[in-house]
There are 2 protein chains.
Amino acid sequence: MRISELAGASGLPVATIKFYLREGLLQPGLATSATQAAYDDGHVRRLRVIRALTGPVGLSVQQARTILGLIDDPGDDLYQTLGSAVSALPPVVEAASVDDPDPYPRARAALEALGQVYDPRFAAVAQLEAALTATEDAGMPLSEPRLLEYGRRLRELAEFDLEQMPSEPHAAVEYTVLGTALYEPVLLALRRLAHQDVAAQRTLGGDAD
Amino acid sequence: MRISELAGASGLPVATIKFYLREGLLQPGLATSATQAAYDDGHVRRLRVIRALTGPVGLSVQQARTILGLIDDPGDDLYQTLGSAVSALPPVVEAASVDDPDPYPRARAALEALGQVYDPRFAAVAQLEAALTATEDAGMPLSEPRLLEYGRRLRELAEFDLEQMPSEPHAAVEYTVLGTALYEPVLLALRRLAHQDVAAQRTLGGDAD
DNA sequence: TAGTATTGGAGAGCGTCACTATCCAATCAT
DNA sequence: ATGATTGGATAGTGACGCTCTCCAATACTA
């Protein structure tokens with residue numbers, strides 16, 4: 001398959017494919033001469049993943065490169081690989097200073113209350129802290145019971161997710177990393193629809209002032 | 001309070017505040033002369049909301065303007081206001097053609113299975129469809145049982161959220177609209193942490209092979 | 001009242017980002 | 001042999017979120 005055929009198969013302009021090649025998102029084709037390279041179905045699939053990550057998931061090219069890199073070449077520790085993947089996902093939050101004895105108090109309190117490990121090195125801990133700070137800054141702090149309710153239910157959902165993880169290591173990494181990224185938009189859409197559904201019932205049911 | 005004092009109080013450069021004024025995100029101060037305007041605590045709070053929306057929530061200036069506009073001047077129907085807010089939130093998905101008899105088959109199937117209203121005019125329906133399509137494109141489709149599990153739990157969470165809604169209309173709109181936007185990053189961070197926590201237990205518990 | 005500082009407002013400039021377009025020499029297809 | 005296509009490099013583009021500069025009007029300060 002030549003590049004123009006790959007473009008046809010993927011529905012993307014040749015220029016865009018060249019761009020992804022240059023940026024290292026798409027693995028190079030098998031060079032058959034100085035001006036020719038062969039592409040296959042793997043490239044088509046990869047392009048679909050790239051578009052899924054840069055589109056609905058909303059990753060930058062840089063972030064997508066990191067995620068794809070983890071899938072291509074994961075460490076031997078799933079736990080750490082997941083951590084790396086999370087730190088590549090938005091929102092990007094800069095790490096707190098090393099000196100700070102308690103850089104993420106809100107996140108720490110939440111995780112302790114939930115009985116989950118608190119490790120300030122996790123990107124998601126900083127993300128949680130930033131998100132909680134934002135709710136406070138905007139004047140709508142998340143009450144602790146509510147936070148616990150969220151955490152408890154998401155924890156159950158996470159167990160459900162991990163139960164379905166493939167056993168083969170490479171597949172497991174792909175499942176975990178892509179699953180983290182790809183299912184998030186689904187989750188948000190479902191939450192929004194649920195809110196609308198509940199709001200509709202309330203409204204129709206007589207939202208007395 | 002003059003603009004330089006507002007800058008001090010909010011920690012933002014004067015130029016940025018002028019930018020938000022120009023873009024219509026921040027309400028103008030009370031003009032006391034041709035070259036002077038008075039700002040108050042409301043402006044400080046508003047700036048905090050703006051930064052929360054454009055920062056952690058990740059909204060563009062354009063999207064933030066829409067959300068803020070809904071809070072300032074909501075319709076009388078909470079349900080519709082929520083719908084407008086959702087369509088301003090990322091990811092932005094273009095609406096399907098009007099002619100298409102079944103533009104969002106995956107979302108429709110999911111909502112019917114969940115027993116929720118399916119209305120193709122909802123932005124979140126298109127978002128759900130796009131998100132589900134992305135999982136398929138990337139080769140990791142969401143199984144129906146899993147989708148139902150997600151939907152069921154998020155629906156419960158939504159009920160929990162709406163129970164705590166203030167009764168005063170203006171506050172209710174603010175709660176619903178800002179809550180949709182502000183709590184999403186919290187949700188995602190908690191999910192990521194839960195995944196990491198579960199993965200840690202699995203890894204330490206002996207991830208054979 | 002003279003002189004300096006600050007203000008609101010408008011315009012242009014800047015750095016980043018995700019492409020997109022152009023060019024080129026080597027090679028392929030006929 | 002000759003026109004099209006390729007990989008590769010470089011430059012251009014349009015959107016975005018600020019940021020800078022300028023200005024005349026006004027405010028404070030002595």
Side-chain angles (χ1 to χ4, degrees), chain A residues 1-40 43 46-68 88-92 94, chain B residues 1-40 43 46-68 88-92 94:
Chain A
M1 197 188 291
R2 297 183 298 178
I3 199 170
S4 60
E5 298 173 284
L6 179 59
S10 64
L12 293 172
V14 172
T16 302
I17 295 178
K18 285 185 175 185
F19 171 69
Y20 291 147
L21 284 167
R22 222 178 312 141
E23 292 294 322
L25 299 193
L26 183 65
Q27 66 275 29
L30 183 65
T32 59
S33 86
T35 66
Q36 221 82 3
Y39 302 91
D40 58 23
H43 292 86
R46 180 61 160 249
L47 283 174
R48 279 205 287 259
V49 175
I50 292 172
R51 294 302 280 193
L53 290 180
T54 58
V57 179
L59 298 193
S60 70
V61 164
Q62 156 85 283
Q63 292 162 339
R65 177 168 39 228
T66 304
I67 297 290
L68 291 168
L89 257 31
V92 177
E94 73 272 27
Chain B
M1 197 187 291
R2 297 183 299 179
I3 199 171
S4 59
E5 297 173 283
L6 179 59
S10 64
L12 293 172
V14 171
T16 302
I17 295 178
K18 285 185 175 185
F19 171 69
Y20 291 147
L21 284 168
R22 222 179 311 146
E23 292 294 322
L25 298 194
L26 183 65
Q27 65 275 31
L30 182 66
T32 58
S33 84
T35 65
Q36 219 82 3
Y39 302 92
D40 57 24
H43 292 87
R46 179 60 161 250
L47 282 174
R48 279 206 288 259
V49 175
I50 293 172
R51 295 302 280 193
L53 291 179
T54 59
V57 178
L59 298 193
S60 69
V61 165
Q62 157 85 282
Q63 292 162 338
R65 179 171 37 230
T66 304
I67 297 290
L68 291 169
L89 258 29
V92 177
E94 73 270 29

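A, B, ... follow the sequence lines: proteins, then strands. Residue 1 opens every chain.
In this structure, A:M1 atom CE and D:dT6 atom P are separated by 13 Å, rounded to whole Å. Atom NE2 of A:H43 is separated from atom P of D:dG7 by 11 Å (rounded to the nearest Å). Spacing between atom CG of B:L25 and atom P of D:dG17 amounts to 9 Å, rounded to whole angstrom units. Rounded to an integer number of Å, the gap from A:E5 CD to D:dT5 P is 12 Å.
Projected onto DNA chain C by closest heavy-atom contact, A:F19 and B:S4 fall at different nucleotides, the more 5' of which corresponds to B:S4. Two residues, A:A34 and A:S60, neighbour DNA chain C, and the one matched to the more 5' nucleotide by heavy-atom proximity is A:S60. Comparing B:K18 and B:Q62 by the nucleotide of DNA chain D whose heavy atom lies nearest to each, the residue mapping closer to the 5' end is B:Q62.
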Next on the checklist: Test side chain to side chain contact (heavy atoms under 4.5 Å, CB included) on B:L53 and B:L68; report intermediate values, then the result.
Outcome noted: CA-CA 9 Å; B:L53 291 179; B:L68 291 169; 4.2 Å; yes
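Checking D:dT19, D:dT10, D:dT26 against every side-chain atom of A:R22, the shortest atom distance belongs to D:dT10.
Residue pairs satisfying the side chain to side chain donor-acceptor pair (under 3.5 Å) criterion with at least one member in residues 11-26 of chain A, sequence neighbours excluded, are listed as follows: A:Y20-A:R51, A:E23-A:R65.
Residue contacts for B:A15: at a heavy-atom cut-off of 4.0 Å it reaches a base atom on one of the strands shown.
A nucleotide of DNA chain C counts as in contact with chain A when one of its atoms lies under 4.0 Å from a heavy atom; the first and last such, 5' to 3', are C:dA18 to C:dC28.
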Only pairs under 3.5 Å count here: list side-chain donor-acceptor contacts from residues 27-38 of chain B, not counting sequence neighbours, and write none if there are none.
unit_1, atom_1, unit_2, atom_2, d
B:T32, OG1, B:Q36, O, 3.4
B:S33, OG, B:T35, N, 3.1
B:S33, OG, B:Q36, N, 3.3

